[in-house]
Amino acid sequence: MAELGVNEHHQNEVVSYMRFARFKRGMCLKTVDSCFQDLKDSRLVEETFTVDEVIDMLDGLQSVVHSEVESELINTTYTNVLLLRQLFSQAEKWYLKLQTDVSDLENRELLDQVAEFEKSEYTSSNKKSTADPIKPKLAPLNEGGSELLNKTVAYLQEENEKLKTRLRTIETQATAALDEKSKLEKSLRDLQMIQGDQKDITELENKVAALKSQFEKTLNDTTANQKFLEEDLVTTKHNLLKVQDQLSTAEKELEKKFQQTAAYRNMKEILTKKNEQIKDLRRRLSKYESED
């Protein structure tokens with residue numbers, strides 16, 4: 001079977017529209033045929049006609065056919081606009097901007113490809129209708145948004161978990177850096193206490209100076225690392241709050257999508273009817289109790 005270069009779902013949508021267009025085209029042709037048949041039945045009742053009579057009949061037929069064809073062409077244009085409106089509305093829900101190339105509408109190669117596709121599809125449809133007259137209905141166009149919304153929610157949840165894991169890692173690193181700083185400060189105080197011992201004072205001073213220098217360098221590195229970790233922690237928390245907000249928005253959108261489905265409306269209608277039945281039974285029961 002000929003292909004249009006789109007996925008299976010979109011190709012099924014194209015097939016659905018082509019069936020609709022074929023039906024409308026058939027109805028238009030039947031209308032034109034009926035115009036000619038009406039002329040035959042109402043005017044061609046004599047064997048000979050004058051030139052003026054023939055011209056009058058042809059002018060009348062031309063007017064009727066012109067009106068029918070013009071009306072059908074206008075209706076086809078409006079139908080195509082409504083179809084484009086559906087597609088653009090769905091795209092705008094996901095902040096997409098679609099573009100059209102009007103020049104392709106007169107591309108003979110593409111038109112022949114569509115004609116071949118319609119021919120092959122019509123042939124295969126006839127075979128399928130002979131084997132199985134019950135055809136499955138295509139899903140409405142706006143039902144695909146729920147699946148995409150579910151995928152978005154799943155992605156945001158995964159990103160949320162990743163940010164939480166990173167936040168825990170940074171907090172652990174910050175705690176370890178603080179512990180290391182406390183140990184170094186304690187070592188410095190211990191070294192300062194050793195300075196009171198007069199034995200080998202010069203050696204101890206040299207060691208203290210070296211340790212102090214090393215400590216200051218380590219302390220500076222630790223301070224810089226701590227500052228970096230604190231800034232990274234703040235940034236990560238901001239990202240976490242942003243993702244949580246996006247997740248909440250996506251969940252509200254999903255709930256809104258669910259409330260717009262036919263199943264939700266049917267359930268709501270059933271509950272309303274049940275409530276009315278309960279109210280009616282209570283009124284009847286109250287009436288019987290008052291009579292007793």
Side-chain angles (χ1 to χ4, degrees), residues 1-6 9-93 96-143 262:
M1 183 180 70
E3 300 291 342
L4 293 180
V6 295
H9 172 77
H10 289 159
Q11 185 159 305
N12 289 336
E13 295 297 328
V14 172
V15 171
S16 177
Y17 177 74
M18 293 183 71
R19 290 173 181 169
F20 168 76
R22 177 185 287 272
F23 170 76
K24 297 294 291 184
R25 185 167 68 243
M27 295 296 295
C28 180
L29 292 176
K30 288 182 180 180
T31 302
V32 173
D33 291 341
S34 67
C35 292
F36 283 88
Q37 188 62 40
D38 290 342
L39 176 65
K40 293 178 182 179
D41 296 338
S42 61
R43 301 294 299 274
L44 301 181
V45 293
E46 299 179 4
E47 294 183 355
T48 58
F49 296 92
T50 65
V51 174
D52 292 337
E53 290 174 338
V54 172
I55 293 175
D56 180 63
M57 286 188 291
L58 292 178
D59 288 342
L61 179 61
Q62 179 187 8
S63 176
V64 173
V65 173
H66 182 275
S67 176
E68 291 293 340
V69 173
E70 182 183 23
S71 175
E72 184 61 28
L73 291 175
I74 292 174
N75 184 66
T76 301
T77 301
Y78 294 163
T79 302
N80 291 333
V81 171
L82 290 178
L83 181 63
L84 289 173
R85 179 177 176 271
Q86 290 182 12
L87 297 176
F88 292 155
S89 297
Q90 293 181 53
E92 289 173 1
K93 289 180 180 179
L96 300 177
K97 293 183 180 180
L98 303 182
Q99 293 181 345
T100 58
D101 188 355
V102 181
S103 61
D104 279 346
L105 300 180
E106 296 182 354
N107 188 320
R108 175 50 54 188
E109 182 179 353
L110 295 178
L111 292 174
D112 292 340
Q113 182 180 353
V114 174
E116 180 64 24
F117 174 78
E118 181 184 22
K119 180 180 178 181
S120 62
E121 179 62 29
Y122 183 70
T123 302
S124 62
S125 298
N126 288 337
K127 294 180 180 179
K128 291 180 180 178
S129 61
T130 303
D132 186 6
I134 301 177
K135 298 180 180 179
K137 295 183 178 180
L138 294 175
L141 287 174
N142 58 357
E143 291 295 331

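What you see is a predicted model, and the numbers here were worked out from it, not measured in a lab.
- Between the CG atom in Asp112 and the CD atom in Glu116 there is a gap of 9.0 Å [rounded to 0.5 Å].
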Result block: side-chain N/O donor-acceptor pairs under 3.5 angstrom for residues 49-56, not counting sequence neighbours:
from	atom 1	to	atom 2	distance (Å)
Thr50	OG1	Glu53	N	3.2
Glu53	OE1	Thr50	N	3.0
Asp56	OD2	Arg43	NH2	3.2

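- The side chain to side chain donor-acceptor pair (under 3.5 Å) contacts involving residues 62-85 comprise Tyr17-Asn80, where partners must be two or more places apart or lie in separate chains.
- In terms of heavy-atom proximity, Met57 sits nearest to Leu44 at SD-CD2, 3.9 Å.
- When the salt bridge (charged side-chain N to carboxylate O under 4.0 Å, His left out) test is applied to Asp33, no partner is found at least two apart in sequence or on another chain.
- Applying the side chain to side chain donor-acceptor pair (under 3.5 Å) test to pairs two or more places apart or on separate chains, those with a residue in residues 97-107 are Asp101-Ser103.
- Residues Cys35 and Val64 come closest through the heavy atom pair SG-CG1, 3.2 Å.
- Looking at Glu109 and Gln113, their side chains never come closer than 4.5 Å, going by heavy atoms from C-beta outward.
- Residues that satisfy the side-chain contact (heavy atoms from CB on, under 4.5 Å) test with Ala91, not counting sequence neighbours, are Leu96, Leu98.
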